[in-house]
Visitor: 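Supplied in structure tokens, the structure appears directly below.
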Amino acid sequence: MTTFAELKANLLDSYRKEFPNDEPTLCSFAPGRVNLIGEHVDYNDGFVFPMAIPLGTVIIGKALDDSANNKCYIRTLSNDIDEPKSVEVDLSKEISRLDSPKWANYVVGVLALFLEHTKPTKKQAFRILIATSVPIGGGLSSSASVEVAMCTFLELLYQSSSVNIPALSKVEKALLCCKAEQIYANVPCGIMDQYTACMAKADHALLIDCRDNTSKYVPMKDKEVCVLVTNSNVKHELVAGTYAKRVKHCQEAAELLGHNKLREVSSMEELEKAHDKMAPVIFKRARHSVTEIKRTEAGAIALSNNDYQEFGRLMYESHASLRDDFEVSCEELDQLVELARSVDGVYGSRMTGGGFGGCTVTLVKKSSVTKCIDAIKKGYKGTASFYEFEPSSGAYSINL
């Protein structure tokens, strides 16, 4: 597992090779996240229950002092993305969505909305290099990690250049980054990923109410219990249309029920009464959302009481709902969950993230982690990667 220090060292080495007579001065970090329960409900104004992970995105760079230079230089060290690996942005022109490379829209979008929101008296040119340890397409929120790291870098950049801008609260920062992904990357995401990257706290999970963007910290300090994330190494791309289609299905269901969002559905009885009004696929999407919101509230209570058996039961229910009603799982994820279920000491397991590949999250006794990994390695038809995570802190910045 690549650490912050290793990412920073790699970036410094690359920077010095590319700009041998120069040194970066600013650095930011934002974590990825794993969602313990509460999947595909953030855009339904539901509850989600993520925690930040130690994997994340590091950005290093500096302000460019030449007043005649309005261009920003942005380069990524990531290999698993489209070419080219660097772009320039001219601050004297309107910042528009890029047709190519797609990865740059997650960065450029944050820059554009940051400038729009803060309205600095002087736009500050910069150069940055970006590296991430979050698996791209793995359902651990590599995109929000990049966005929040970028926004955090921009905050430090303007603070360091003595240009007066209004301070962003953590929630405002999360909303800005979420909007950037929606507009510039064309992903109709909810706020969970960006919110977690901004607000997370070490040794705690975060119960987020996506209706009013409030949250509650739930301690996770039991060192006898482990959160094991298993990467199927089957990749998904949410922009491909499957994600947007499900957002649309949920909105259709809410409107048929006379609500703005499915969070407003009071009970399964209310949903059942409208069964005949809905196409079967719309009803299934709504059923997942309504039950998942209830499961997430119950899950946070169970975990706060250290009731790991109950939390595990809810995880399995969540996976079945995502597989059967929301239809975002796949054969590989289903196999990983069942292999974990077969191991003594595993409390629960489920797919996590957008689906169609990516990762599972498993709550397991620390003493059973090796046994669980061995069972998956032996039984899984693909080649999985494994991460043992403890809840980590949110974004931060440092002067180099």
Side-chain angles (χ1 to χ4, degrees), residues 1-11 26-38 42 47-61 106 110 130-135 138-157 159 167-178 191-210 213-223 225-229 300 303-304 352-353 359 361 363 366 387-400:
M1 188 165 64
T2 307
T3 65
F4 166 78
E6 290 168 334
L7 277 179
K8 188 176 77 168
N10 290 340
L11 283 166
L26 309 173
C27 177
S28 66
F29 172 84
R33 64 95 189 97
V34 60
N35 193 21
L36 300 173
I37 195 166
D42 54 349
F47 290 96
V48 292
F49 195 39
M51 68 179 213
I53 59 177
L55 302 181
T57 298
V58 178
I59 298 178
I60 65 166
Y106 294 92
V110 172
I130 306 169
T132 188
S133 56
V134 185
L140 299 179
S141 192
S142 57
S143 57
S145 174
V146 170
E147 292 153 7
V148 174
M150 181 62 186
C151 196
T152 304
F153 180 89
L154 291 171
E155 288 177 306
L156 182 61
L157 174 74
Q159 289 167 8
L168 291 170
S169 71
K170 290 182 179 181
V171 173
E172 287 174 328
K173 186 196 293 193
L175 288 166
L176 185 153
C177 292
C178 180
I191 197 176
M192 170 176 64
D193 299 349
Q194 296 84 0
Y195 193 104
T196 307
C198 292
M199 299 288 291
K201 183 177 175 182
D203 294 327
H204 291 77
L206 193 61
L207 180 66
I208 305 169
D209 185 336
C210 298
N213 299 324
T214 58
S215 57
K216 174 186 174 185
Y217 292 109
V218 177
M220 288 184 67
K221 299 182 180 181
D222 188 344
K223 302 304 180 185
V225 176
C226 175
V227 174
L228 176 67
V229 171
L303 204 57
S304 66
T352 187
C359 295
V361 57
L363 191 69
K366 187 78 172 175
Y387 308 92
E388 293 180 49
F389 290 141
E390 292 183 359
S392 300
S393 298
Y396 59 87
S397 60
I398 57 172
N399 289 296
L400 292 174

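Keep in mind that the numbers below use all heavy atoms, side chains included, and drop hydrogens, waters and symmetry copies.
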Visitor: Taking side-chain contact (heavy atoms from CB on, under 4.5 Å) as the test, write out the residues that go with Leu175, two or more places apart.
Guide: Val171, Ile191, Asn213
Visitor: Which residues pass the side-chain hydrogen bond (donor to acceptor under 3.5 Å, both in side chains) test with Gln159, sequence neighbours left out?
Guide: none
Visitor: Assess the residue pair Leu26 and Leu157 against the criterion (side-chain contact (heavy atoms from CB on, under 4.5 Å)); give the C-alpha distance rounded to whole Å, side-chain angles, the decisive distance to 0.1 Å, and a yes or no.
Guide: CA-CA 7 Å; Leu26 309 173; Leu157 174 74; 3.9 Å; yes
Visitor: With sequence neighbours excluded, tell me which residues meet side-chain contact (heavy atoms from CB on, under 4.5 Å) with Ser304.
Guide: Val218
Visitor: So does Arg33 get a backbone contact from the side chain of Ser141, meaning a donor-acceptor N/O pair under 3.5 Å?
Guide: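 It does not hold such a pair.
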Visitor: Please walk me through it: do Val229 and Ile53 pass side-chain contact (heavy atoms from CB on, under 4.5 Å)?
Guide: CA-CA 10 Å; Val229 171; Ile53 59 177; 5.7 Å; no
Visitor: Looking at side-chain heavy atoms only, is the closest gap between Thr2 and Leu55 below 4.5 Å?
Guide: no
Visitor: Quick one, Val361 and Asn35 - any side-chain contact, counting heavy atoms below 4.5 Å?
Guide: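 With C-beta onward as the side chain, the pair stays apart.
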Visitor: Not counting sequence neighbours, which residues clear ring-ring contact (aromatic ring centres under 6.0 Å, His included) with Phe49? List them please.
Guide: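 ring-ring contact (aromatic ring centres under 6.0 Å, His included) check on Phe49 returns nothing, list empty.
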Visitor: How long is the gap from CD on Glu155 to CG on Leu168, to the nearest 0.5 Å?
Guide: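 Spacing of CD (Glu155) from CG (Leu168) equals 5.0 Å.
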Visitor: Minimum heavy-atom separation for Val34 to Val227, with atom names?
Guide: CG1-CG1, 4.5 Å
Visitor: For the residue pair Leu36 and Pro50, establish whether any side-chain heavy-atom pair is separated by less than 4.5 Å.
Guide: no
Visitor: Test of understanding: with salt bridge (charged side-chain N to carboxylate O under 4.0 Å, His left out), list the residues that count as partners of Glu390, not counting sequence neighbours.
Guide: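 Glu390 satisfies salt bridge (charged side-chain N to carboxylate O under 4.0 Å, His left out) with Lys223 only.
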Visitor: Kindly give the heavy-atom pair with the smallest separation between Cys177 and Cys151, and that separation in Å.
Guide: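 Of all heavy-atom pairs spanning Cys177 and Cys151, the closest is SG-CB, 3.7 Å.
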Visitor: Taking ring-ring contact (aromatic ring centres under 6.0 Å, His included) as the definition, give me every residue that meets it alongside Phe389, ordered by chain and number, with sequence neighbours left out.
Guide: Tyr387
Visitor: What pairs with Glu147 under side-chain hydrogen bond (donor to acceptor under 3.5 Å, both in side chains), at least two apart in sequence or on another chain?
Guide: Gln194
Visitor: Would you give the length of the straight line joining atom CE of Met51 to atom CG of Asp203, rounded to the nearest 0.5 angstrom?
Guide: 10.0 Å
Visitor: Identify the heavy atoms of Met192 and Ile208 that sit nearest to each other, and give their distance.
Guide: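 Heavy atoms of Met192 and Ile208 come nearest at O-CD1, 4.2 Å.
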Visitor: Checking Lys366 now: which residues fulfil salt bridge (charged side-chain N to carboxylate O under 4.0 Å, His left out) with it, not counting sequence neighbours?
Guide: Glu388
Visitor: Atom CG of Leu156 and atom CD1 of Ile59: how far apart are they, to the nearest 0.5 Å?
Guide: 11.0 Å
Visitor: Determine yes or no for a side-chain-to-main-chain donor-acceptor pair under 3.5 angstrom, with Ser397 supplying the side chain and Cys27 the backbone.
Guide: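 Side chain of Ser397 to backbone of Cys27: no pair is present.
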Visitor: Looking only at the aromatic ring of each residue, does the gap between the centers of Phe153 and Phe29 stay below 6.0 angstrom?
Guide: no
Visitor: Using modelled atom types and a 3.5 Å cut-off, is there a donor and acceptor pairing between side-chain atoms of Asp193 and backbone atoms of Thr196?
Guide: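 Checked: no pair found.
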Visitor: Taking only residues two or more places apart in sequence or in another chain, which ones pass side-chain hydrogen bond (donor to acceptor under 3.5 Å, both in side chains) with Ser145?
Guide: Thr57
Visitor: Which pair of heavy atoms, one from Gly56 and one from Leu7, lies closest together, and at what distance?
Guide: O-CD1, 3.5 Å
Visitor: Between Leu140 and Cys359, is any pair of side-chain heavy atoms under 4.5 Å apart?
Guide: yes
Visitor: Over all heavy atoms of both residues, which pair between Ala149 and Ser28 is shortest? Give the atoms and the distance, please.
Guide: O-OG, 2.8 Å
Visitor: Does any part of the side chain of Thr152, heavy atoms only, come nearer than 4.5 Å to the side chain of Lys173, both counted from C-beta?
Guide: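 A side-chain contact under 4.5 Å exists here.
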Visitor: What I'd like to find out is whether the side chain of Lys201 reaches to under 4.5 Å of the side chain of Leu206, using heavy atoms alone.
Guide: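 Contact flag for Lys201/Leu206 side chains = no.
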Visitor: Under the side-chain contact (heavy atoms from CB on, under 4.5 Å) test, which residues partner Ser142, sequence neighbours left out?
Guide: Val134, Ile136
Visitor: Minimum heavy-atom separation for Met220 to Pro391, with atom names?
Guide: CB-CG, 3.9 Å
Visitor: Apply side-chain hydrogen bond (donor to acceptor under 3.5 Å, both in side chains) to Ser215 and list each qualifying residue two or more places apart in sequence or on a separate chain.
Guide: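 Once residues adjacent in sequence are excluded, the partners of Ser215 under the side-chain hydrogen bond (donor to acceptor under 3.5 Å, both in side chains) criterion are Tyr195.
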Visitor: Going by side-chain contact (heavy atoms from CB on, under 4.5 Å), name the residues that satisfy it together with Thr3, two or more places apart in sequence or in a different chain.
Guide: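 Result, side-chain contact (heavy atoms from CB on, under 4.5 Å) vs Thr3: Ala5, Glu6.
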